[in-house]
Amino acid sequence: MVESWATFGIDLHVETTGTGVRKGLTDALREAVRGGRLAPGTRLPSSRSLAADLGVARNTVADVYTDLVAEGWLTARQGSGTSVAERPVPAPSAAPEPSRARARPAYDLTPGTPDLSFFPRAAWLKASRRALTTAPFDALGYGDPRGRVELRTALASYLARARGVRADPERIVICSGFAHGLILLGQVLYGRGARALAVEPYGPAAYWNLLERAGLRTLPLGFDELGTRTEELTARDLAGARAVLMTPAHQFPMGLPLHPERRAAVVDWARLDDGLILEDDYDGEFRYDRQPVGALQGLDPDHVVYLGTASKALAPGLRLGWLVLPPSIVPEVVAAKGETDWSCGVPDQLTLAEFLTSGAYDRHVRAARLRYRRRRDALVARLAARAPGVRATGIAAGLHVVLRLPPGTEPPTLRAAAWHGLAVHGLDRYRHPDSTAGRTDALVVGYGTPPDHAWSGALEALCAALASAGT
């Protein structure tokens, strides 16, 4: 029988019957180390624990550990257990080895995804049952293109209370995530004659690509310690751009809130030039060391489109997002979406509405906030102990931190991370190609993705990578 053993996020498929148990476990562990799924320094379970997991004799596991220590794959010290042996990071080559290129990272610290193991399945199922039991029959029809009124009403109440958004259910449009909402807005702006849109100098390239496919050139603004330089909307020639896409509460990926003076400046620009601000509030609910920064939309609902999703607080697989629109563009966005709500499943809309109104959403967000804060604190403490020369910024909110590196060290640090089985992004990945801002070497480390059991191993791999790169 082949069993799958999972530890530190690693799956090892081991033959647990017959005479090949010892060889199978030896090969599986050796391949996990060789392929980078078990990073250098990773501590392995005790022989007793692993034997119990696999249902094999403890002596078998102990013999395998002894063999791999002798071969140099593992190290064993009295009182410290058995760990993966350290090994140097190879110099970069023109083409990576095929096995290395195909290896799946052991730990995922890329930003943008929450801990999916924390999805509140039981509470969601309870809300789904109640929502479907009480839903009218016509709720399962094609329906209003704006989305179910139950969800729009629940969102209007929640966003007003939690994010300071001034929303009327009639001005909310449900969409299948942020990207879908951005596509709709791109169509509307292009239909209004816009051919350019201002953006922040750092952000996800996928969003810029969506806008450019809609016919809108993206023009990056400047950036400094106060956040995006919104004054450039009037001071620079932006090719007639009358809209700007921003993350004012917690800039992604830099992690800074937009300075109050610049919040006021961008709203003044929108009023004077009849501009439109597209506000991405992607993780506004997660703050730790500061008071929550309210949504920009509350300052001027007639010139700000508020975009939110369930992707960070719950899960991106739900494919639920929302647009809170100025009255002037509601008909155009609804027309762009179509005559029926074809994109968003009604059962999930009804369930989220029940989840919000019952208080389950608030309880889940509070629990998630505590969970992610503990991870952030562990990350900052481990870096202080193991990599004191690396400065962590943007830590007061969100699900990621930016680790500032010495000039010129971002590429070798990324290579070291890959060698240690770690998936992580460099800051340069998020820099707009037309930005004139100076380059900054940094890692963008997402601490939301790994499940709890993998977090310690992920931190160990990160510190090992930083040490290997000399940062």
Side-chain angles (χ1 to χ4, degrees), residues 1-90 99-100 102-109 115 117-118 374-375 378-379 381-382 385-386 416-423 447 449-468:
M1 178 178 67
V2 175
E3 288 197 10
S4 176
W5 166 58
T7 186
F8 306 105
I10 307 300
D11 289 332
L12 299 178
H13 300 279
V14 181
E15 182 70 39
T16 59
T17 59
T19 60
V21 178
R22 178 171 171 176
K23 181 179 185 302
L25 180 56
T26 302
D27 291 344
L29 283 170
R30 187 188 292 120
E31 185 55 36
V33 175
R34 180 188 291 118
R37 291 185 295 138
L38 282 174
T42 300
R43 185 171 179 177
L44 300 183
S46 67
S47 58
R48 183 189 302 276
S49 174
L50 180 53
D53 284 350
L54 292 176
V56 300
R58 182 184 178 187
N59 286 344
T60 299
V61 178
D63 289 345
V64 168
Y65 280 0
T66 299
D67 291 345
L68 292 177
V69 168
E71 294 177 16
W73 296 103
L74 306 178
T75 59
R77 295 184 180 87
Q78 187 70 28
S80 299
T82 304
S83 303
V84 178
E86 297 287 348
R87 58 195 187 278
V89 179
S99 60
R100 171 62 60 183
R102 290 194 300 267
R104 189 180 71 176
Y107 307 103
D108 187 357
L109 292 183
D115 180 356
S117 71
F118 192 52
R374 286 194 294 267
R375 291 190 186 181
L379 170 59
R382 189 74 66 92
R386 297 279 301 277
W419 180 252
H420 285 273
L422 185 66
Y447 51 83
T449 304
D452 281 346
H453 71 271
W455 183 231
S456 180
L459 286 183
E460 187 65 30
L462 176 62
C463 291
L466 292 171
S468 297

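For the pair R375 and L459, the minimum side-chain heavy-atom distance is 4.5 Å or more. Within the 4.5 Å cutoff, no side-chain heavy atoms of T449 are placed close to those of D115. Between L44 and L50, the closest side-chain pair of non-hydrogen atoms is not below 4.5 Å. Looking only at side-chain heavy atoms (C-beta outward), L29 and L25 come within less than 4.5 Å of each other. Counting heavy atoms from C-beta on, the side chains of V61 and R58 never come closer than 4.5 Å. Between E460 and T42, every side-chain heavy-atom pair lies at or beyond the 4.5 Å cut-off.
In terms of modelled atom types and a separation under 3.5 Å, the side chain of R382 and the main chain of L462 share no donor-acceptor contact.
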**OP:** Could you check W455 against L109 for side-chain contact (heavy atoms from CB on, under 4.5 Å), going step by step and ending with a plain yes or no?
**Re:** CA-CA 10 Å; W455 183 231; L109 292 183; 3.6 Å; yes
Subject >> side-chain contact (heavy atoms from CB on, under 4.5 Å) between T75 and V69, worked out >> reply: CA-CA 5 Å; T75 59; V69 168; 5.9 Å; no
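For the pair A461 and Y107, the tightest heavy-atom approach, listed with the atom from each and the gap, is CB-CD1, 3.8 Å. Nearest heavy atom pair, residue H420 against residue A465, reads CD2-CA, 3.8 Å. The two atoms that bring Y65 and S47 nearest to each other are CE2-N, 4.1 Å, heavy atoms only. The nearest pair of heavy atoms linking L74 to V84 is CD2-CA, 4.0 Å. S468 approaches A416 most closely through the heavy-atom pair CB-CB, 4.1 Å.
With rounding to the nearest 0.5 Å, the separation of CD in E31 from CH2 in W73 is 8.0 Å.
Looking at residues two or more places apart in sequence or on another chain, you find a salt bridge (Lys or Arg N to Asp or Glu O under 4.0 Å) between D63 and R22.
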